[in-house]
Chemist: 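Below you'll find the structure I mean.
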Amino acid sequence: MPSNDVRILAQAAVPTVAVGAIAAAVSGVVAGGKGAIGAVVATVIVLLFMGLGLYVLQRTAKSLPHLFQAVGLMLYAAQILLLFVFVAAFKHTTLFNPRAFALTLVAGTLTWIAAQTRAHMKSKILYVEPDSSSDASSRDEKSHKSGHSS
């Protein structure tokens with residue numbers, strides 16, 4: 001992954017982990033050990049889903065830039081639907097507290113989206129590839145020979 005992608009991943013993952021840790025502590029106090037387990041499981045699911053989504057989005061941006069926006073919208077819709085499926089699937093589980101799981105899942109997802117949005121807004125990513133020096137010098141030679149400037 002290029003350094004910009006890693007930076008955006010870190011800037012989205014760190015606040016999500018912090019929210020997950022706070023949710024695990026609060027859930028542990030309110031709902032006991034099963035609440036803390038539910039919050040930790042939800043945090044891991046959010047990190048996996050959103051991290052994989054960011055990876056897919058970055059790969060799409062590099063290989064199919066004309067589909068970037070459509071894939072991004074489809075990806076976020078699919079992630080939200082899959083998170084609802086997880087909440088529904090674990091609604092009656094006895095492995096952990098489903099309420100702590102669901103609340104942490106929502107809080108973690110919202111934190112990830114807000115942090116990723118902030119990271120993208122603050123990053124200075126070029127949206128036009130600059131010419132390399134060899135391309136610029138060959139273009140200058142062509143313009144001198146033809147009498148035209150670019």
Side-chain angles (χ1 to χ4, degrees), residues 1-139 150:
M1 277 185 136
S3 63
N4 282 336
D5 299 343
V6 172
R7 189 176 306 121
I8 289 172
L9 178 66
Q11 289 176 348
V14 170
T16 304
V17 169
V19 166
I22 292 167
V26 170
S27 298
V29 169
V30 173
K34 288 191 176 201
I37 292 170
V40 169
V41 169
T43 303
V44 169
I45 289 173
V46 168
L47 289 171
L48 286 174
F49 273 35
M50 295 301 184
L52 286 172
L54 182 61
Y55 175 74
V56 168
L57 205 56
Q58 296 303 332
R59 293 283 306 232
T60 302
K62 286 173 184 44
S63 61
L64 303 166
H66 58 284
L67 294 177
F68 179 74
Q69 186 175 14
V71 170
L73 291 171
M74 182 203 61
L75 184 65
Y76 281 124
Q79 286 174 332
I80 297 300
L81 288 173
L82 283 172
L83 291 175
F84 281 130
V85 167
F86 267 89
V87 169
F90 291 111
K91 188 180 349 183
H92 299 296
T93 188
T94 58
L95 298 172
F96 49 78
N97 186 311
R99 178 171 281 159
F101 173 76
L103 291 174
T104 304
L105 204 61
V106 169
T109 301
L110 292 175
T111 302
W112 179 283
I113 291 171
Q116 185 178 355
T117 302
R118 182 178 184 277
H120 275 292
M121 290 175 66
K122 293 187 104 10
S123 67
K124 295 181 180 3
I125 299 173
L126 297 173
Y127 58 91
V128 175
E129 293 291 329
D131 289 336
S132 67
S133 60
S134 62
D135 290 343
S137 63
S138 67
R139 191 173 345 114
S150 346

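Being a predicted model, the structure only gives us computed values, none of them experimental.
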Chemist: Please round to the nearest 0.5 Å and tell me the distance separating atom OG1 of Thr93 and atom CZ of Phe101.
Modeler: 9.0 Å
Chemist: Specify the closest pair of heavy atoms between Val19 and Gly108, including all atoms of both residues, with the distance to one decimal.
Modeler: CG1-N, 4.5 Å
Chemist: Looking at Pro98, is its backbone amide N or carbonyl O close enough to the side chain of Lys91 to form a donor-acceptor pair, meaning the two atoms are under 3.5 Å apart?
Modeler: no
Chemist: Decide yes or no on side chain to side chain contact (heavy atoms under 4.5 Å, CB included) for Thr16 and Met50, but give the supporting numbers first.
Modeler: CA-CA 10 Å; Thr16 304; Met50 295 301 184; over 6 Å; no
Chemist: Closest heavy-atom contact between Ala12 and Pro15?
Modeler: O-CD, 3.6 Å
Chemist: Output the distance between atom CZ (Arg118) and atom CD1 (Ile8), rounded to the nearest 0.5 Å.
Modeler: 12.5 Å
Chemist: Which pair of heavy atoms, one from Gly35 and one from Ser27, lies closest together, and at what distance?
Modeler: O-CB, 3.2 Å
Chemist: Report the distance from atom CZ of Phe49 to atom CD1 of Ile80, rounding to the nearest 0.5 Å.
Modeler: 10.5 Å
Chemist: For a quick test of reading the model, state the closest non-hydrogen atom pair linking Leu95 to Lys34 and the distance between them.
Modeler: O-CG, 4.2 Å
Chemist: Before you tell me yes or no, could you show the steps for Arg59 and Val71 under side chain to side chain contact (heavy atoms under 4.5 Å, CB included), namely the whole-Å CA-CA distance, both residues' side-chain angles and the distance that decides it to 0.1 Å?
Modeler: CA-CA 11 Å; Arg59 293 283 306 232; Val71 170; over 6 Å; no
Chemist: As an exercise, state the distance from CG of Leu75 to CG of Leu57, rounded to the nearest 0.5 Å.
Modeler: 6.0 Å
Chemist: Could you grab the distance from atom OH of Tyr55 to atom CG of Leu9, nearest 0.5 Å is fine?
Modeler: 12.0 Å
Chemist: Taking all atoms of both residues into account, what is the closest heavy-atom pair of Thr104 and Thr43, and its distance?
Modeler: CG2-OG1, 3.5 Å
Chemist: For Leu105 and Val87, work out which heavy atoms get closest and say how close.
Modeler: CD2-CG2, 3.4 Å
Chemist: What's the separation between atom CE in Met74 and atom CD in Gln69, rounded to the nearest 0.5 Å?
Modeler: 13.0 Å
